[in-house]
Amino acid sequence: MLRFMSAGESHGECMVGILEGLPAGLNVDVGFINKELTRRQLGYGRGGRMKIEKDTVSILCGIKGKKTLGSPVAFSIKNKDFKINELPPISEPRPGHADLAGAIKYGFSDMRCVLERASARETVIRVAAGSICKILLREFGISIQSTRISVAGETNENMIKEKIDMARKQGDSLGGVFEVRAANVPVGLGSYVHYDRRLDARLGAALMSIPSIKAVEFGAGFQGASKPGSEVHDVILYSKAKGFYRQTNNAGGLEGGMSNGEIIVARCAMKPIATLGSPLPSVHIKTKKKVKASVQRSDISAVEAAGVIGESMMAIVIADAFLERFGSDDLKMIKKVYKLK
Ligand code: EPS
């Protein structure tokens, strides 16, 4: 089993992660991890923090030379904007953010204590872990990519920029939709035997866990619900060169909780970021008086970056399911088993 955990606050000293369950003998290309971290920082509409940070990973444990040892891999990313103890307290919860529920849950009156960990800064560690999983998956020809489909319902690049500029001027924020695709995934990852083994359930949970994601669909998703079965199910074909394959991919590469060999296609809906330059009404956490929600430095829109995070979450889940199916100790052995599949 591949396990992943992170720790770190947005303005703390650093973000740290542990990825456990990788096979021994995997060559970890730190340059590739750093490229992925840079991709997470990009996209029109990102905020001021991205001008401060230049995220780069330090591998702390689990690697000798450049190769994994089979032991847990630990890594860290420094926060240049390390100032957690100098930042002022926050008493005006932002609608749409973890602020209020988090403060009630943990008994804080200063919501700084919530937002520091609830911040999407944490996703930097997911991308570091996900890129290590991508390195593993590419040994087997599996690749994962994302595209931003729309921002605030708009698909044209220039119009998207205009919408983001307008939102910035008006102190607003914008959500959108991105798609993540995994190609060359072998048949049979996941299982139909229990809810928690289903690959679609595992992918769904991983993608839903990305901050601001409010909906995930696979393949034809919601559209499939309004069509007859004869128009939705993917006809099975066979050729010597391809083996079994499908005429269409409405299932998004997933049938019965398993990969079916077609491209896995997930689409995620991201709500607009909760921090607004022109804040919504709220209630002061102590006085209970009407106030405006707090305004923090933030992004206007981060749909492209969320796509990169989506790739990482997909990579972690697919790597886990892959190791489950083909073995997980020694990369050489896994390659032998994989050839026999
Ligand atoms: C982010 C870091 C944060 C935010 C953003 C994403 O940094 P700061 O709070 O210092 O500006 O820019 O997080 C949010 C929008 C949020 O609501 O949490 C990052 O590294 O991705």
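Atoms within each ligand, like the ligands themselves, are counted from 1 in listed order.
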Does Lys335 make a cation-pi contact with Tyr338, if we ask for NZ or CZ under 6.0 Å from the ring centre and within 45° of the axis? no
Looking at ligand 1, is there an atom of it that comes within less than 4.0 Å of some heavy atom belonging to His97? yes
The answer for which part of Arg46 has a heavy atom under 4.0 Å from ligand 1 is side chain
Can you tell me the protein heavy atom closest to atom 20 (O) of ligand 1 and the distance? Arg40 NH2, 2.8 Å
Regarding atom 13 (O) of ligand 1: of the candidates Ala302, Ala98, Ser119, which has the closest heavy atom? Ser119
For atom 16 (C) of ligand 1, which protein heavy atom lies nearest, and how many Å away is it? Ala120 N, 3.9 Å
Please list, in number order, the atoms of ligand 1 under 4.0 Å from a heavy atom of Arg297. 8 (P), 9 (O), 10 (O), 11 (O)
Please say whether the positively charged group of Arg202, taken as NZ for Lys or CZ for Arg, lies over the ring of Tyr195, i.e. under 6.0 angstrom from the six-membered ring centre and within 45 degrees of the axis. no
Do the side chains of Glu9 and Arg117 get close enough for a salt bridge, i.e. N-O under 4.0 angstrom? no
Quick one: are Arg46 and Arg40 in side-chain contact, heavy atoms under 4.5 Å? yes
Should the proximity of Met50 to ligand 1, defined as any heavy atom under 4.0 Å, be assigned to the side chain, the backbone, both, or neither? side chain
Checking Lys80, Glu116, Glu86, Lys83 against His11 for side-chain hydrogen bond (donor to acceptor under 3.5 Å, both in side chains), the one that qualifies is Glu116
Side chain or backbone, does Arg121 bring an N or O within less than 3.5 Å of an N or O on ligand 1? yes
In ligand 1, the atoms that come under 4.0 Å of a heavy atom of Ser298 are 15 (C)
Numbered atoms and elements of ligand 1 in range of His11, under 4.0 angstrom, heavy atoms: 8 (P), 9 (O), 10 (O)
So, for Phe322 and Phe140, is the gap between ring centers shorter than 6.0 Å? yes
Would you verify that at least one protein heavy atom lies under 4.0 Å from atom 6 (C) of ligand 1, or report that none does? yes
Quick check: does Arg49 get an N/O under 3.5 Å from an N/O on ligand 1? yes
Look at the side chain of Glu53 and the backbone N and O of Asp81, then say whether any donor-acceptor pair between them is shorter than 3.5 Å. yes
Identified salt bridge (charged side-chain N to carboxylate O under 4.0 Å, His left out) partner of Asp29 from the options Lys35, Arg138, Lys134: Arg138
Between Ser282 (side chain) and Val291 (backbone), is there a donor-acceptor pair under 3.5 Å? no
Near Asp299 (heavy-atom distance under 4.0 Å), the atoms of ligand 1 are 5 (C), 6 (C), 12 (O), 15 (C)
